[in-house]
Amino acid sequence: MSSSLKNLSDFSHTTIPNGGDFKFAIVVAEWNAEITGKLYKGAFDTLIKHGVKEQNILSYPVPGSYELTAAADIVLSNNATIDAVICLGCVIQGETRHFDFICNAVANGLANVGLKHNKTIVFGVLTTDNQEQALARAGGKHGNKGDEAAITALKMAHLSANLPK
Ligand SMILES: Nc1c(NC[C@H](O)[C@H](O)[C@H](O)CO)[nH]c(=O)[nH]c1=O
Ligand SMILES: CC(=O)[C@@H](O)COP(=O)(O)O
């Protein structure tokens with residue numbers, strides 16, 4: 001479903017678990033900081049809104065979306081108490097095929113990091129044709145993908161914590 005048909009911040013129809021017992025890392029790319037800063041605020045504020053303690057939100061900036069994979073791996077390798085890692089970035093098509101290589105590397109890399117550590121890695125990366133599309137998904141008419149990423153992390157942390165032992 002296109003984001004134009006679903007607001008990324010509308011979760012009124014779902015049950016959101018309380019995050020009081022969970023610890024999250026947010027890894028955020030500095031490329032397109034005007035966009036990623038909005039994604040970060042959306043994710044951070046959503047976690048706090050749903051009961052996550054501020055001291056349990058660990059934030060890590062990285063240069064670009066390509067570095068999200070390495071950062072998620074490093075963070076989980078050094079802190080086993082993290083319940084899920086939210087990875088935020090914004091990749092905007094330029095003149096060359098660099099866009100394709102980054103998007104594919106990050107999507108596949110983050111999936112592999114999650115499997116390696118048996119932890120949820122949330123793919124909160126915008127991959128857009130232009131800045132207008134990115135702004136629309138970073139607090140604009142289509143909501144905020146950072147909100148969506150935080151809700152995803154809460155739901156997956158709750159799932160992991162409540163599996164039968
Ligand atoms: N063009 C974008 C990039 N490019 C930078 C890469 O992510 C990476 O930092 C570099 O190739 C060095 O390894 N990154 C974004 O996040 N968004 C872009 O639009
Ligand atoms: C996604 C990118 O790396 C891209 O923005 C860089 O632009 P270009 O393809 O024109 O070098």
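This structure is a prediction, so every number in the text was calculated from the model and none was measured. All residue numbers refer to positions in the sequence shown, counting from 1. Heavy-atom basis, side chains included; hydrogens, waters and symmetry copies ignored.
- N162 is linked by a side chain to side chain donor-acceptor pair (under 3.5 Å) to H158, counting only residues two or more places apart in sequence or in another chain.
- The hydrophobic cluster containing V125 also includes V27, L58, Y60, V62, L68, V75, L76, I82, V85, V91, F99, I102, V106, L110, V113, I121, F123, under a criterion of side-chain heavy atoms closer than 4.5 Å among ILVMFWY residues, counted directly or through chains of members.
- Counting side-chain heavy-atom gaps under 4.5 Å among Ile, Leu, Val, Met, Phe, Trp and Tyr, the cluster of F22 also holds F11, I16, F24, I26, V28, I35, L39, Y40, F44, L47, I48, V52, I57, I86, L88, V122, L126, L135, I151, L154.
- In this structure, the side chains of Q93 and T128 stay at 4.5 Å or more apart for every pair of heavy atoms.
- Listed by chain and residue number, nothing satisfies the side chain to side chain donor-acceptor pair (under 3.5 Å) test with N112 (two or more places apart in sequence, or in another chain).
- For the side chain to side chain donor-acceptor pair (under 3.5 Å) test, residues two or more places apart in sequence or in another chain that qualify with T81 are K23, N79.
- We find the OG-CD distance between S3 and Q133 to be 9.5 Å, quoted to the nearest 0.5 Å.
- Remark: N7 engages S9, D10 in a side-chain contact (heavy atoms from CB on, under 4.5 Å) (not counting sequence neighbours).
- The salt bridge (charged side-chain N to carboxylate O under 4.0 Å, His left out) test applied to K116 returns D73, not counting sequence neighbours.
- Among residues two or more places apart in sequence or in another chain, the side chain to side chain donor-acceptor pair (under 3.5 Å) test is passed with K41 by D45.
- Closest approach of T127 to C103, counting heavy atoms only: CG2-SG, 3.5 Å.
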Next on the checklist: Using the rule given for side-chain contact (heavy atoms from CB on, under 4.5 Å), can you reason through R137 versus C90, listing the C-alpha separation, both sets of side-chain angles and the distance that settles it, and then say yes or no?
Outcome noted: CA-CA 10 Å; R137 293 158 175 79; C90 177; over 6 Å; no
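- No side-chain heavy atom of K119 sits under 4.5 Å from any side-chain heavy atom of D83.
- Residues forming a side-chain contact (heavy atoms from CB on, under 4.5 Å) with F101 (at least two apart in sequence, or on another chain): R97.
- Identified under the salt bridge (charged side-chain N to carboxylate O under 4.0 Å, His left out) test for residues 47-56, with sequence neighbours left out: none.
- Between D147 and T46, the closest side-chain pair of non-hydrogen atoms falls below 4.5 Å.
- Applying the salt bridge (charged side-chain N to carboxylate O under 4.0 Å, His left out) test to pairs two or more places apart or on separate chains, none has a residue in residues 55-69.
- Note on residues 24-39: no pairs pass salt bridge (charged side-chain N to carboxylate O under 4.0 Å, His left out), not counting sequence neighbours.
- Without hydrogens or angle criteria, T36 side chain to A29 main chain gives a donor-acceptor distance under 3.5 Å.
- Between atom CG of residue N56 and atom CG of residue D21 there is a gap of 9.0 Å, rounded to the nearest 0.5 Å.
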